[in-house]
Amino acid sequence: MEKLYIPLFFFFGCIFGSFFAVVGERLPKKENFTTSSSHCDSCGHKLAFLDMIPVFTYLFNLGKCRYCKAPIPVLLPVVELLTGLLFSVSYYSFGFSYELLVALGVVALFMIVLVSDLLYYIISDGVLVFFAFYFIIIQYFKGGLNYMSSRVVTGLFLFLIMYFIMIFGEKVFKKESLGGGDVKLLFVFGLVLEPILGVLSIFIASVIALIPSIYILIKNRDHMIPFGPFLLVSFAFIYFSKITTLDFLKFLGF
């Protein structure tokens, strides 16, 4: 029975991935993602059930709308597949536990913010507030009031660090270097990660972003570079690798 859960989590993960992509795509445009029907962004045609099967629909229609033949962004099936894989990894890593609820929340946050930041350079306050409350509630039931409070303090600590990085970047580059959403995102990270690991996530994200950023700046100096996806990749890597502060300090030789 245990082996059956992994493909089940993958299957439902792909379905939820499709929903996360819709939220990330519609929310920045102030479109209702709960009541309005799914439709093609190019022709506006209402989508039937067969048009919304995760991954399969994209492959069967060769990456195009069945009605107007407009190309469907490859980001959609990528998010669906990645969500399915990470849902499976979440169950495999944590089983049925409070930590599984945290892991699924991490995946959901990852996907929604990934889509909105890549497409519109926006990290919605509403999304961050929702997941902040989600993680706070889970951490309360997981470890009690003191544990939850320590996570909130860590969130504030990481928020301040990111805020000062933003201010420093604006002083150095004489323009906006980080978005407010990136700063607020670190508060949410702190609700899940230990303080040192939260700081490590900023460092790893900066390293990962370095080469793409240099390339983009050379091609187009005025082009904006979304930092949120790099932060999310770093966050997910640290979380799912289960590295602890003690592991990191031992790696540094302390």
Are [Y] and [X] co-members of a hydrophobic cluster defined by side-chain heavy atoms under 4.5 Å apart?
X      : Y      : answer
Leu8   : Phe94  : yes
Val129 : Tyr140 : no
Leu246 : Leu200 : no
Leu128 : Leu156 : yes
Met148 : Phe133 : no

Can you tell me if [X] has over 12 outside heavy atoms packed within less than 6.0 Å of its [atom1]?
X      : atom1 : answer
Tyr163 : OH    : no
Phe11  : CZ    : no
Phe16  : CZ    : no
Phe237 : CZ    : no
Phe12  : CZ    : no
Leu252 : CG    : yes

(message) Before you tell me yes or no, could you show the steps for Leu109 and Tyr134 under side-chain contact (heavy atoms from CB on, under 4.5 Å), namely the whole-Å CA-CA distance, both residues' side-chain angles and the distance that decides it to 0.1 Å?
(response) CA-CA 11 Å; Leu109 172 68; Tyr134 174 84; over 6 Å; no

Side-chain contact test, heavy atoms from C-beta onward, threshold under 4.5 Å: evaluate it for [X] versus [Y] and give yes or no.
X      : Y      : result
Ile122 : Asp117 : no
Arg151 : Ile136 : no
Lys184 : Asp125 : yes
Leu232 : Leu185 : yes
Phe87  : Phe10  : no
Val113 : Phe131 : no
Val207 : Phe203 : yes
Leu82  : Val107 : no

(message) Between Glu80 and Leu76, does the side-chain contact (heavy atoms from CB on, under 4.5 Å) criterion hold? Intermediate values first, please.
(response) CA-CA 6 Å; Glu80 291 169 347; Leu76 175 60; 3.5 Å; yes

What distance separates [X] [atom1] from [Y] [atom2], expressed to the nearest 0.5 Å?
X      : Y      : atom1 : atom2 : value
Leu101 : Ile138 : CG    : CD1   : 4.5 Å
Ile238 : Ile196 : CD1   : CD1   : 11.5 Å
Leu100 : Ser90  : CG    : OG    : 6.5 Å
Asp182 : Met162 : CG    : CE    : 5.5 Å
Leu160 : Ile165 : CG    : CD1   : 11.0 Å
Phe187 : Phe135 : CZ    : CZ    : 11.5 Å

Please give me the minimum heavy-atom distance between [X] and [Y], naming the atom from each residue.
X      : Y      : result
Ala132 : Val188 : CB-CG2, 4.5 Å
Val115 : Ala21  : CG1-O, 3.8 Å
Ser88  : Ile6   : OG-O, 3.0 Å
Leu231 : Ser201 : CD2-O, 4.4 Å
Pro226 : Leu118 : CG-CD2, 4.4 Å
Met111 : Leu86  : CE-CD1, 3.7 Å

Hey, can you tell me if [X] and [Y] have their rings parallel, tilted or perpendicular (30° and 60° cut-offs)?
X      : Y      : result
Tyr239 : Phe235 : tilted
Tyr91  : Phe9   : parallel
Phe248 : Phe251 : parallel

Judged by atom type as modelled, is there a donor-acceptor pair below 3.5 Å linking the side chain of [X] to the main-chain atoms of [Y]?
X      : Y     : result
Lys242 : Ser93 : yes
Ser18  : Cys14 : no
Ser116 : Gly24 : no

(message) Before you tell me yes or no, could you show the steps for Phe189 and Leu186 under side-chain contact (heavy atoms from CB on, under 4.5 Å), namely the whole-Å CA-CA distance, both residues' side-chain angles and the distance that decides it to 0.1 Å?
(response) CA-CA 5 Å; Phe189 284 12; Leu186 262 293; 3.8 Å; yes

(request) Decide side-chain contact (heavy atoms from CB on, under 4.5 Å) for Leu75 and Glu25; before the verdict, give the C-alpha distance in whole Å, the side-chain angles of both, and the deciding distance to 0.1 Å. (result) CA-CA 11 Å; Leu75 183 61; Glu25 195 270 334; over 6 Å; no

(message) Just by distance, no angles: are the side chains of Gln139 and Tyr98 close enough, under 3.5 Å, to form a donor-acceptor pair?
(response)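 No donor-acceptor contact under 3.5 Å links the two side chains.
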
(message) Under a 3.5 Å threshold, yes or no: a donor from one side chain and an acceptor from the other, between Asp247 and Thr244?
(response)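 Thr244 and Asp247 do have a side-chain donor-acceptor pair below 3.5 Å.
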
(request) Kindly indicate, with the supporting measurements, whether the criterion ring-ring contact (aromatic ring centres under 6.0 Å, His included) is fulfilled by Phe96 and Tyr5. (result) CA-CA 10 Å; Phe96 289 109; Tyr5 286 129; 5.1 Å; yes

